[in-house]
Number of protein chains: 2
Amino acid sequence: MSLRLPRRSSTGRKDATRHALLEAALNVFGEKGYHGAAVDDIVDRAGRSKGAAYFHFPSKAAIFRALVRELANQLVNSIQRKMDDVDSPAERLDAALLGLIDVFVRHRSLARIVLIEVAGAGRAFSDDLIFVRRQFADLIERELDRAVEIGAIPPCDTHLIATAWFGALNEVAVHWLHDPDAGSLHASYPSLRQLLLQSVGFSPAEVDRVPLHA
Amino acid sequence: MSLRLPRRSSTGRKDATRHALLEAALNVFGEKGYHGAAVDDIVDRAGRSKGAAYFHFPSKAAIFRALVRELANQLVNSIQRKMDDVDSPAERLDAALLGLIDVFVRHRSLARIVLIEVAGAGRAFSDDLIFVRRQFADLIERELDRAVEIGAIPPCDTHLIATAWFGALNEVAVHWLHDPDAGSLHASYPSLRQLLLQSVGFSPAEVDRVPLHA
DNA sequence: AGAAACCGACTGACCAGTCGGTTTGGTGAT
DNA sequence: ATCACCAAACCGACTGGTCAGTCGGTTTCT
């Protein structure tokens with residue numbers, strides 16, 4: 001149902017509890033937001049006790065932080081794997097974009113947390129906010145650099161562009177999160193893809209190629 | 001110092017207090033975030049009393065909402081005015097972009113509230129979130145539609161693109177808000193401009209034109 | 001036995017919102 | 001010009017509810 005949060009050893013009671021807590025946190029934070037969620041909510045949903053929560057994590061903030069970091073790593077790895085299945089820069093960027101959209105659609109709570117809650121939880125979390133966003137942006141930046149290197153696109157400020165790309169996807173996703181009926185995320189993909197690829201000067205031939213996965 | 005929040009009549013004691021409260025709210029919410037700010041903080045900063053605050057607004061949420069709406073309207077009007085000074089679509093979009101960047105740089109609290117806090121304040125505010133973002137996106141969308149109409153750019157999904165554009169700017173601004181020393185917002189503008197204009201297929205001649213205001 | 005893991009009632013701090021009381025400014029009667 | 005009066009505007013101590021974090025005690029594993 002939800003992304004596999006890492007379960008360190010397969011049998012330990014300790015890890016099972018930690019995992020249950022994080023999974024509950026994912027849902028509760030996703031539904032009620034960081035401030036709207038009480039530690040008791042998470043604990044109840046996990047079928048554990050407050051004592052257990054504070055045995056594993058020093059604070060509510062630490063639960064949130066751990067969750068965000070693990071979600072981000074998990075997500076980035078999964079996207080990276082999808083990118084490595086193909087070779088041309090345009091296809092790899094495609095894979096990243098589609099992969100992100102896929103995961104968001106399937107795991108709405110995750111999307112809410114990664115895209116909205118981290119930003120809104122407060123300044124105390126701004127390092128985490130930047131950490132997450134950079135993870136994604138770096139993924140894109142590396143690909144753009146590669147595309148520049150092999151001459152698929154002209155040289156440009158790939159760092160800024162990667163940031164802007166993520167922002168564009170983020171904004172579209174935020175609107176979709178607010179009103180899922182307004183239009184599926186997947187439906188926006190072709191326009192978004194065209195917009196982004198064109199923005200860095202991919203050749204029209206590459207841009208026009210119909211994506212395989214749609 | 002701060003944007004002029006509307007002061008309805010020039011002399012009324014009532015309006016002066018309302019204005020003082022909103023101005024204080026702008027700073028306090030901008031610094032501590034919605035949840036981190038106590039009504040007492042706002043009241044203290046405004047040099048007023050809690051009674052006055054609850055005489056003017058029914059709740060803390062209402063203060064926030066009123067502030068967000070007024071900031072958004074103020075901002076959109078100011079941008080619109082700047083756009084109307086020029087004529088060609090590319091220039092008008094330029095003016096919008098630069099205007100937004102200008103205001104954000106000058107009024108960091110405003111930027112934090114409009115770009116981050118509204119999103120993070122919780123689901124209760126998601127209507128306000130969408131309201132604000134749509135205001136900006138509509139501004140851009142109208143211009144894009146105009147550009148399509150006169151044949152400056154090919155037909156495209158202007159609604160989606162406007163959303164994506166705002167997201168791109170938003171993301172760059174969020175990083176800048178987190179670490180202002182990392183690079184000024186104005187410095188990012190040329191790359192961003194090029195990226196966005198190119199993304200919708202403006203002719204290279206239009207894209208390459210060096211902006212007047214830089 | 002001893003330690004690691006877990007339980008859940010309790011506490012203390014915080015804070016949105018209330019309310020009885022006070023000040024201020026306007027209006028009109030004298 | 002003075003005063004009486006009223007309502008709008010304002011004050012700030014207080015209340016009630018919420019919730020993060022604690023801690024003495026229990027269970028489970030080795």
Side-chain angles (χ1 to χ4, degrees), chain A residues 5-25 27-29 31-68 117 120-125 128, chain B residues 5-25 27-29 31-68 117 120-125 128:
Chain A
L5 295 163
R7 199 190 295 259
R8 279 161 196 187
S9 107
S10 43
T11 51
R13 174 175 58 139
K14 182 176 178 181
D15 284 333
T17 293
R18 189 189 141 91
H19 181 265
L21 286 168
L22 284 180
E23 180 139 337
N27 292 311
V28 175
F29 283 138
E31 282 165 23
K32 309 170 80 161
Y34 179 73
H35 294 284
V39 173
D40 284 302
D41 294 336
I42 296 170
V43 151
D44 288 348
R45 171 100 49 132
R48 298 302 205 281
S49 76
K50 222 165 175 182
Y54 281 89
F55 178 79
H56 284 278
F57 303 97
S59 66
K60 178 186 176 183
I63 299 176
F64 186 70
R65 233 184 282 271
L67 177 64
V68 167
E117 286 307 322
R123 288 185 118 140
F125 296 96
D128 304 87
Chain B
L5 294 164
R7 199 189 297 258
R8 280 164 196 186
S9 108
S10 44
T11 51
R13 176 175 56 139
K14 182 177 179 180
D15 285 333
T17 295
R18 190 189 141 91
H19 181 264
L21 286 168
L22 283 179
E23 179 139 338
N27 292 310
V28 175
F29 282 138
E31 282 165 22
K32 309 171 80 160
Y34 179 74
H35 294 283
V39 173
D40 285 302
D41 296 335
I42 296 170
V43 151
D44 288 349
R45 171 98 50 131
R48 298 302 204 281
S49 75
K50 224 166 175 180
Y54 280 90
F55 177 80
H56 285 278
F57 303 97
S59 66
K60 178 185 175 183
I63 299 175
F64 186 68
R65 232 183 283 271
L67 176 64
V68 167
E117 286 307 322
R123 289 184 117 139
F125 297 96
D128 304 88

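Both backbone and side-chain heavy atoms feed into the values below; hydrogens, waters and symmetry mates do not. Bear in mind the structure is a predicted one, so any value in this text is a computation, not a measurement. Residue numbers begin at 1 in each chain, while the letters A, B, ... track the order of the sequences.
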Q) Between Asp128(B) and Phe64(B), is a side chain to side chain contact (heavy atoms under 4.5 Å, CB included) present by the stated rule, with each step listed? A) CA-CA 10 Å; Asp128(B) 304 88; Phe64(B) 186 68; over 6 Å; no
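In terms of position on DNA chain D, the residue among Ala38(A) and Gly47(B) whose nearest nucleotide sits closer to the 5' end is Gly47(B). Of the residues near DNA chain D, Phe55(B) and Asp40(B), the one whose nearest nucleotide (by heavy atom distance) lies more toward the 5' end is Phe55(B).
As rounded to whole Å, 19 Å separates atom P of dA8(D) from atom CZ of Arg48(B). Atoms NZ (Lys60(A)) and P (dT18(D)) sit 15 Å apart, rounded to a whole Å. Atoms CZ (Phe57(B)) and P (dA9(D)) sit 13 Å apart, rounded to a whole Å. Per the geometry, CD1 belonging to Ile42(B) stands 17 Å off C1' belonging to dC11(D), to the nearest Å. Remark: P of dT18(D) and NE2 of His35(B) are 17 Å apart, rounded to the nearest angstrom. We find that CZ of Phe29(A) is positioned 13 Å from C1' of dC19(D), with the value rounded to whole Å. dG25(D) atom P lies 22 Å from atom OH of Tyr54(A), rounded to whole Å. Remark: P of dC19(D) and CG of Asp44(A) are 12 Å apart, rounded to the nearest angstrom.
Looking at the side chain of Ser49(A), the nearest of the listed nucleotides dC10(D), dC6(C), dG21(D) is dC6(C). Distances were taken from every side-chain heavy atom of Thr17(A) (C-beta onward) to each of dA20(D), dC6(C), dC10(D); the shortest belongs to dC6(C). The nucleotide whose nearest atom lies closest to any side-chain atom of Ser59(B) is, among dC11(D), dG17(C), dC6(C), dG17(C). Minimum atom distance to the side chain of Ala52(B) is reached by dC11(D), of the listed dA20(D), dC11(D), dT18(C).
Taken from CG in Asp44(B) to NZ in Lys50(B), the straight-line distance is 9.5 Å, to the nearest 0.5 Å. Rounding to the nearest 0.5 Å places CG of Asn27(B) at 11.5 Å from CG of Leu22(B). A distance of 7.0 Å separates NE2 of His35(B) from NZ of Lys60(B), quoted to the nearest 0.5 Å. Atom-to-atom distance recorded for Leu21(B):CG and Phe57(B):CZ is 6.0 Å, nearest 0.5 angstrom.
At a threshold of 4.0 angstrom between heavy atoms, the contacts of Ala37(B) are confined to the sugar-phosphate backbone, with no base atom among them.
Side-chain atoms of Lys50(B) and base atoms of dG17(C) include a donor and an acceptor less than 3.5 Å apart.
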